[in-house]
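Here is the structure we will look at.
Read the numbers this way: they start at 1 and go in the same order the structure lists the ligands and their atoms.
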Amino acid sequence: MSTKQRVFSGVQPTGEMHIGTYLGAFRNWVRLQDEYDTIYCIVDQHAITLPQDPDDLRRNRIAGAKVLLATGIDPERALVYAQSYVPQHAELSWLLGVMTPMGVLNRMTQYKDRLAQGHAANLGLFSYPVLMAADILIHRANLVPVGDDQKQHLEMTRDLAERFNNRYGDIFPIPEPLIPETAARVMSLADPTSKMSKSDENVRSRVGIVDPPDVVVKRIKSAMTDSEPTVRYDPEHKAGISNLLEIMSAATGRSIDDLVAEFGDSGYGTFKLAVADALVDLLTPIRERYNELDDGDIVKVLADGAERAEAQAEHYMREVRTAIGLNKL
Ligand code: TRP
C-alpha cells in the first residue's frame, strides 16, 4: 500500500459547477494529485438531504464527474467515484451516529442556515456532518481540503475519530484540514457580499466552469459594481470591484496590486472586459476537454472508481465492525 498521505474531498452533484468551486477547490484538487493519494467523491447522498429530482441527480452526477475530469482530475491517479455506489459510507455513518451528541449537531451553522432558509428539518439534514465524517474516516484520510463553510464539520469529524479511538483502539487517523494558500474566495456577481453559490436562483450571480465565452462576457459585464469609477481593492466599500479583482488575480496569477496599477483609472467597462478575457482564457481548455468527454466513459470511470473505493472501504470496515462487536461470527 502507498505510503503517501491520503487526501479526501467531496462535492455535491447539484446544479451547475461554477468558477468559485474551480478557483476555490478543484484547481487545488488537481495539484494535490501530484503529491498525495487523492480521493474525490461525488457526494450524492449528501445532495438528497435537500429534495432532488431523480433525473437531475443522475444527470448532475455524470456532469459533475465530467467537470472534475475536464479540470484535470486524472482517474488513473485519483480515485473518483459516487458516494451512493459504496454502501460502507452509510454504514459507517450509522456507527458514528450513535456516538454523536445531539447538542453538537444542533450547533452546526450549516444546519442552522438551512433551517433559516426555510428548509424543513429532516434527520438527514441534521446528521449531514456525520455522513461527511464517515466519508473521510472510511478511507482513513489524513488531509481534507475544505473551504471555510465546512471547517466546523471537519472539526466534528476529528472529535468523532478521537472518541472512536478512545473507546475502541487506534483505528482512525485524525484528519487535518488542508487550506490551500491559493484558494480564491469568489463572491456572487449579483450580490458580492455573499459567496458565489450554485443554489442561487439568479443565474447572473455566477459563471459556470463550462460556460461558453459569450456567456462569460455577458455575466461579467452585468456584475454588480458601484458608482465611483476607480478600480481599487476595498471589499467593504467596493465589494463588486474587489471580487472582480480577486477573480482576475486568481485567473491570471497576477497580484491585485499589479492589476490595480494597470486598471485603476481605465474605467469599469474596460476592466470588466479584461476580467472576462482572463476567465475565457482560463476556462477554454477546460470547456474543450469537457465537450470531448463522453458520458459512457464517465459512467465507466465512476463504476471502476466505486469498485476500488468499495474494496478499500470494506477492508477498513471489517476492522471497525470487529472493534465494535458487530462482525459476523
Ligand atoms: N459537505 C461538503 C460540501 O458541501 C461536501 C462533502 C461531503 C465533503 N463529504 C465530504 C467535503 C468529505 C470534504 C470531505 O462542500
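- Only the side chain of Gln150 comes within 4.0 Å of ligand 1, judged by heavy-atom distances.
- Looking from atom 11 (C) of ligand 1 to the surrounding protein, the closest heavy atom is Gly10 N, 3.4 Å.
- In summary, the aromatic rings of Tyr81 and His89 are positioned with their centroids under 6.0 Å apart.
- The residues Arg206 and Asp200 are annotated as not salt-bridged, no charged nitrogen and carboxylate oxygen being separated by less than 4.0 angstrom.
- Taking atom 10 (C) of ligand 1 as the reference point, the nearest protein heavy-atom neighbour is Met132 CG, 3.5 Å.
- Taking the six-membered ring where the residue is Trp, the centroids of Tyr111 and Tyr128 are separated by 6.0 Å or more.
- Between Tyr128 and ligand 1, a contact under 3.5 Å exists for at least one N or O pair.
- The atoms of ligand 1 that sit less than 4.0 Å from any heavy atom of Gln12 are 4 (O).
- Set against the non-hydrogen atoms of Phe8, the atoms of ligand 1 under 4.0 Å away are 12 (C), 14 (C).
- Around atom 7 (C) of ligand 1, the closest heavy atom drawn from Gln45, His139, His46 belongs to His46.
- Near Val144, the atoms of ligand 1 lying under 4.0 angstrom from a non-hydrogen atom of the residue are 13 (C), 14 (C).
- Annotation for Lys112: atom NZ counts as buried by contact number, over 12 foreign heavy atoms lying within 6.0 Å.
- Within 6.0 Å of CG on Asp226 lie more than 12 heavy atoms contributed by other residues, nucleotides or ligands.
- Heavy-atom proximity to Asp135, at under 4.0 Å, picks out these atoms of ligand 1: 7 (C), 9 (N), 10 (C).
- When non-hydrogen atoms are compared, ligand 1 lies under 4.0 Å from neither the backbone nor the side chain of Leu154.
- Comment: Glu155 does not engage Lys151 in a salt bridge, judged by the lack of any side-chain N to carboxylate O separation of less than 4.0 angstrom.
- Shown in contact with Ile136 at under 4.0 Å from a heavy atom are these atoms of ligand 1, numbered in order with element: 12 (C), 14 (C).
- Counted by atom type alone, Gln110 and Gln150 present one or more donor-acceptor pairs between their side chains at under 3.5 Å.
- By the 6.0 Å contact criterion, CD on Gln117 is enclosed, its count of non-hydrogen atoms from other residues, nucleotides or ligands being greater than 12.
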